[in-house]
Q: 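After the structure tokens below, expect a handful of questions from me.
Both ligands and their constituent atoms are indexed starting at 1 by order of listing.
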Amino acid sequence: METEISQRLAELREELRRHNHRYYVLDDPSIPDVEYDRLFQELKSIEQAHPDLITPDSPSQRVGDAPLDAFTQVEHEQSMLSLDNVFSDEELKDWEKRIFNRLGLAADSDKQLAFACEPKLDGIACSLLYVDGVLERGATRGDGRVGEDITQNVRTINSIPLSLHGDNWPKRLEVRGEIYMPKGGFAALNERMLAQDSKPFVNPRNAAAGSLRQLDSRITAQRPLEMCCYSVHIRDGSLPFDSHSAGIKQLAEWGFKTNAEMRVVQGVQACVDYYNDLLTRRGDLVYDIDGIVFKVDDLALQERLGFVSRAPRWAVAHKFPAQEEITTLLDVEFQVGRTGAITPVARLTPVFVGGVTVSNATLHNADEIARLGVKVGDSVIVRRAGDVIPQIVQVVLERRPDDARKVEFPSCCPMCESPTERVEGEAVTRCTGGLVCPAQQKQAIKHYASRKAMDIDGLGDKLVELMADEGLIQSIADLYQLTVEQISNLERMGQKSAENLVAAIEKSKATTLPRFLYSLGVREVGEATAQNLAKHFLTIDAIIAANEEALLEVEDVGPIVAKHIIGFFEVDDNRQIIDRLLAAGVHWPDIIPPSEDEQPLKGETWVLTGSLETMSRAEAKEKLVALGAKVAGSVSKNTDCVVAGPGAGSKLAKAESLGLKVLDEAALQAFLNDH
Ligand code: 5U1
């Protein structure tokens, strides 16, 4: 009996370890999460019944342990190295020249050295010690010689093997790499922190550092940390490979996560190409990087090159432009958007960050200003990562000047002086001026002319600004009154471009009802909602007249959207603008309602539950709606039919208890084929 239990435990641990590796290291899971959970539960329940059989490398031992009082200091078996940096292609080429000189190779010789290139992850450098193939200790880099023992915390990181795969490992193995938090995990963690009213982390690196610094490893266990390994050190005995790249391959075979972007290239020009390629792809990577590390691939050459103080001559980091910089908040201005939303924008002392000069950053809303505690005059940290708009992530409080000024959110719109309001439960403050507000007028016209709306060729944002500032247009209806002469008198507008623009405006008069509806810029009415409204009501008059009850019958229209639609058409100005547009000749073809024959499900309510194999739920819904059905999310006595696929649960049970018609997927297919 005892041996049977031990055998099952060994099987479960091996299987879970394999799935863990596929999921966290290879990003290639082979079983669904529920199956993993079942195996894990089985392991835990056996271990609970037989605590004496728990081993430190069991997958159950990653959940964290009782809090520590403090981290202890540990000495690394071999010092953890630091890296020299270069900041330009020239400096990188000089580095290669120095290597040639040291190796006694003529600089003009045709010899190309092989370099291993890999992204430099922006995380926390750590070292892992394995004794007899089992993880014994994890430590931070510290000063390179002495770090902090974070064994309890690293054990919770799923991409770190608790015991090594294979059997060709040395008795004592030290593996180094970077512990980091992927961008997606960072965003989710910060959302959780905000939801709990906790302070979010400034960037993924700080989040990783903060998570590793937890004395309570149960907290670390809940943080989405990963480790990517980049070097191997063996205390006794020699390395079973002769190049850095072969070492990385060996690390992967022992079960470590290594960087899939690692390449071996010939010569320094190929290093420059690699750098440029990753610089353009930096924003697409799922983790933050701050540069590229280049290493002489051949270990024998590394040995010959040696070190200067604690930095190897055979490796160098070519840093990317920083994604965070410090600058000064000069002022906060308030911009008014199309829907009246007032966005505070930080005006900054221009600073080069993330590869561009940044002089503005968004401050989002009043809550964000309060959260940052930022004042005008403060030194602030600006972050520009990828194509994301620059953000202020932190205030450097110790540099706050005495005359720093509090940021006051305006009580009146800075454009039209109408009062601002903040609806309870919403983060946004809005101008209540509607289309009286020149800022909202301009945005409304830009939206009306945009490609997915009325698609007025040649009427870009700058031209709208100019025409509005010159007093030629105040509302979208004014567009149809513009003359060639008026436009050609504008700065940098010739006769020909003015004629073209008037022709494009004229052409826009022939449109469709969904486009027209979308162009009006009603809050929350995007293209899809506009389509649904048009299909449901068929005419603009019917939409204008619709009350809440009628609007709620339209697919995807909920109480909030209905409120915005009603609110929009209640405003006299808006109805007058529509009248003027129609009088100017804006028109669209009638929408012919499908005949009764084409709508056999008219008046019926269907519910889809469980999964479908031959089509997605969205496709099935589209087909049923095209046949006239309303597809609802819950089952009630008013439901006409429930389509139940595999995994259908409580909705199917309810349908059965109410005696409703239930179809399986095959029956649904047959029905759709017949209609
Ligand atoms: N990718 C990578 N990052 N990184 C950091 N490789 C790498 N190598 C390092 C460091 C400090 O040091 C080696 C020279 C061992």
Q: Can you confirm, on distance only, whether ligand 1 has an N/O atom lying under 3.5 Å from any N/O atom belonging to Glu118?
A: yes
Q: Judged on heavy-atom distance to atom 15 (C) of ligand 1, which of Ile289, Ile248, Leu81 sits nearest?
A: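 It is Leu81 that holds the nearest heavy atom.
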Q: In chain order, what residues pass the salt bridge (Lys or Arg N to Asp or Glu O under 4.0 Å) check against Lys319, with sequence neighbours excluded?
A: none
Q: Any chance the rings of Phe115 and Trp95 have centres within less than 6.0 Å?
A: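 Yes; Trp95 has its ring centre under 6.0 Å from that of Phe115.
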Q: Indicate yes or no for a side-chain donor-acceptor contact from Asp122 to the backbone of Arg205 under 3.5 Å, with no hydrogens or angles considered.
A: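 No, because the side chain of Asp122 does not come within donor-acceptor range (under 3.5 Å) of the backbone of Arg205.
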Q: What I want to know is whether Pro119 and ligand 1 share at least one N or O pair that is separated by under 3.5 angstrom.
A: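 Right, the criterion is met.
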Q: For Trp314, counting its heavy atoms only, list the atoms of ligand 1 lying under 4.0 Å from any of them.
A: 14 (C)
Q: Is the distance between the ring centroids of Tyr130 and Phe256 under 6.0 Å?
A: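 Tyr130 vs Phe256: aromatic centres under 6.0 Å.
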Q: Do any pairs count as a salt bridge (Lys or Arg N to Asp or Glu O under 4.0 Å) and have a residue in residues 141-154, sequence neighbours left out, and if so which ones?
A: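 Qualifying pairs, neighbours excluded: Glu75-Arg145.
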Q: Go through ligand 1 atom by atom and flag the ones less than 4.0 Å from a non-hydrogen atom of Pro312.
A: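 Near Pro312, the atoms of ligand 1 are 14 (C).
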Q: Look at atom 9 (C) of ligand 1 and say which protein heavy atom is nearest, naming residue and atom and giving the distance to 0.1 Å.
A: Tyr230 CE1, 3.5 Å
Q: Tell me the protein heavy atom at minimum distance from atom 6 (N) of ligand 1, and give that distance in Å.
A: Lys295 NZ, 2.9 Å
Q: Quick check: does any side chain N or O of Gln302 sit under 3.5 Å from a backbone N or O of Val296, one acting as donor and the other as acceptor?
A: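 Yes, because the side chain of Gln302 sits within donor-acceptor range (under 3.5 Å) of the backbone of Val296.
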